[in-house]
2 protein chains.
Amino acid sequence: MKTDAPDAEPRPYHHGGLFDALVKVAEDVVRETGIHGFSLRECARRAGVAHSAPGHHFGDITGLLTEVAARGFERLTARMQQHRAGIEGPEALERIARGYVDFALGDPVIFVLMFHSDRVERGSPRCQRAGDAAFGELVSAVASAKGDETRDNDMLRFAWAAIHGIAMLLVDGPLMPAGGNRRGGSGELADGTIRRIVHSVVSYVEPASRG
Amino acid sequence: MKTDAPDAEPRPYHHGGLFDALVKVAEDVVRETGIHGFSLRECARRAGVAHSAPGHHFGDITGLLTEVAARGFERLTARMQQHRAGIEGPEALERIARGYVDFALGDPVIFVLMFHSDRVERGSPRCQRAGDAAFGELVSAVASAKGDETRDNDMLRFAWAAIHGIAMLLVDGPLMPAGGNRRGGSGELADGTIRRIVHSVVSYVEPASRG
DNA sequence: GTGTCTATCTGTCCAATGTCAAGTTAATCT
DNA sequence: AGATTAACTTGACATTGGACAGATAGACAC
């Protein structure tokens with residue numbers, strides 16, 4: 001690695017892997033400074049390149065943060081798969097949900113970035129595909145929990161909403177009742193909610209008549 | 001020299017109600033430009049005062065946006081009460097949930113601001129109190145739906161998470177399955193989820209043995 | 001009316017940022 | 001080799017948030 005010293009050694013004019021280096025640096029900067037404090041120039045500084053170099057690879061801030069968000073979705077997908085570990089049945093959904101919450105609590109700033117930042121182009125193919133893959137994990141787990149492959153969009157929305165909601169509320173923290181201090185206890189706070197989600201998905205019976 | 005504005009109205013040196021005027025203007029600016037595009041100077045411009053005037057009332061950007069967020073929670077509370085209209089029982093929860101989602105869809109940018117912006121000091125007494133009041137509406141509705149005043153924090157988290165989650169996913173839009181185009185149909189997309197939430201809260205039975 | 005006090009608002013200044021245009025260096029192609 | 005293209009740098013510009021001193025208007029005592 002290069003030294004951080006102001007101008008110690010003559011860096012090569014061409015960085016080599018600046019694209020990837022910038023994305024990794026950007027993740028750190030976002031985590032440290034928050035979405036609002038993020039700056040392209042700070043990323044360039046840490047990567048040891050000129051202040052305008054990021055622009056040539058990503059166009060603008062949105063371009064770089066969109067890539068960060070897309071990789072976030074990929075990591076979310078991987079985390080859920082890892083938690084599920086091939087298991088089927090109701091436990092599949094429970095594990096997927098726990099993976100989702102774990103990811104959110106482990107990387108809260110990037111989790112918020114992925115879903116809510118107006119500096120991310122969520123409609124871009126890159127982001128869309130990564131997001132769809134993550135959603136696919138949930139679809140699969142819900143089907144396995146129901147023991148029924150028919151796709152019930154209402155059910156999927158319900159499950160996703162509840163999982164997403166508990167993750168978001170834990171990440172945002174202060175609104176949780178009775179001292180929601182986020183260190184360590186948060187994961188367990190989600191347990192009851194996750195159990196209820198699974199229970200609802202497994203045991204839900206379509207109401208006889210709906211207006 | 002002023003007269004930068006075309007209107008020849010001789011504004012009084014003292015605005016009179018600049019605090020309130022700035023908050024209202026700020027809400028508009030946030031809605032139009034998004035959280036990222038927001039700027040104090042634009043607010044000052046629209047309020048017809050010097051660019052540094054907002055600083056005297058709010059300190060910095062966070063101060064102003066925190067006030068905007070707090071008023072958002074107050075409007076959310078009012079909206080839920082208005083939807084509920086004094087009704088009791090399971091329908092109370094259904095109506096509260098619908099009010100929550102309505103508010104989110106009607107003012108999506110401010111809804112996101114309230115929960116996720118790092119430019120809002122959510123721990124401030126102003127914000128905390130307004131948020132607690134909103135949460136209180138939910139607590140009351142869940143109790144009414146259960147027909148049981150005992151407070152079940154797990155249940156509350158589940159209900160809030162699910163409601164919050166569906167609102168957030170609808171606001172963020174593009175991740176919804178099967179063309180979640182947000183035009184008009186979003187409210188109905190929430191219906192099935194809300195029905196399931198109410199159903200789960202009303203009919204949930206504590207699992208026999210579990211920690 | 002006159003003078004003083006205080007909150008409110010103005011104008012100026014500074015460092016930092018995003019983005020654009022043009023120059024410089026390295027790698028690749030013919 | 002020479003030419004072409006991609007990667008990166010330098011320099012510049014408009015805009016922002018925030019800090020500051022100073023101007024202004026209204027309230028209040030006399």
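So that the names make sense, note that chain A is the first sequence line, chain B the second, and so on, each numbered from 1.
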Round to the nearest Å and state the distance from [X] atom [atom1] to [N] atom [atom2].
X	N	atom1	atom2	answer
B:Leu40	D:dT16	CG	P	10 Å
B:Phe38	D:dG17	CZ	C1'	12 Å
A:His36	C:dG18	NE2	C1'	14 Å
B:Asp60	C:dA15	CG	P	20 Å
A:Phe58	D:dC8	CZ	P	11 Å
A:Glu42	C:dA15	CD	P	18 Å
B:Leu18	D:dA25	CG	C1'	15 Å
B:His57	D:dG18	NE2	P	16 Å

Can a donor-acceptor pair be found between the side chains of B:Ser144 and B:Glu88 at a distance below 3.5 Å?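 B:Ser144 vs B:Glu88: donor-acceptor pair found between side chains.
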
A:Thr77: which of A:Glu74, A:Arg75, A:Gln81 passes side chain to side chain contact (heavy atoms under 4.5 Å, CB included):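 Testing A:Thr77 for a side chain to side chain contact (heavy atoms under 4.5 Å, CB included) against A:Glu74, A:Arg75, A:Gln81 leaves exactly one candidate, A:Gln81.
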
Is any side-chain N or O of B:Ser52 under 3.5 Å from a base N or O of C:dG11, one able to act as donor and the other as acceptor?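 Check passes, donor-acceptor contact within cut-off.
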
Considering only heavy atoms and no angle criterion, is a donor-acceptor pair shorter than 3.5 Å present between the side chain of B:His56 and the base of C:dT10?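 Check passes, donor-acceptor contact within cut-off.
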
Tell me whether A:Arg31 is salt-bridged to A:Asp107, with the criterion being a basic N under 4.0 Å from an acidic carboxylate O.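 Salt bridge: yes.
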
Side chain of B:Ser39 only, please: which of D:dT16, D:dT9, D:dG18 is the nearest?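 Of the options given, the side chain of B:Ser39 lies nearest D:dT16.
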
Quick check: do [X] and [Y] have side-chain heavy atoms less than 4.5 Å from each other?
X	Y	result
A:Phe38	B:His36	no
A:His51	A:Leu40	no
A:Asn153	A:Arg151	yes
A:Val23	A:Phe58	yes

Polar pairs (N or O, both sides) under 3.5 Å between protein and nucleotides 12-15 of chain D?
none

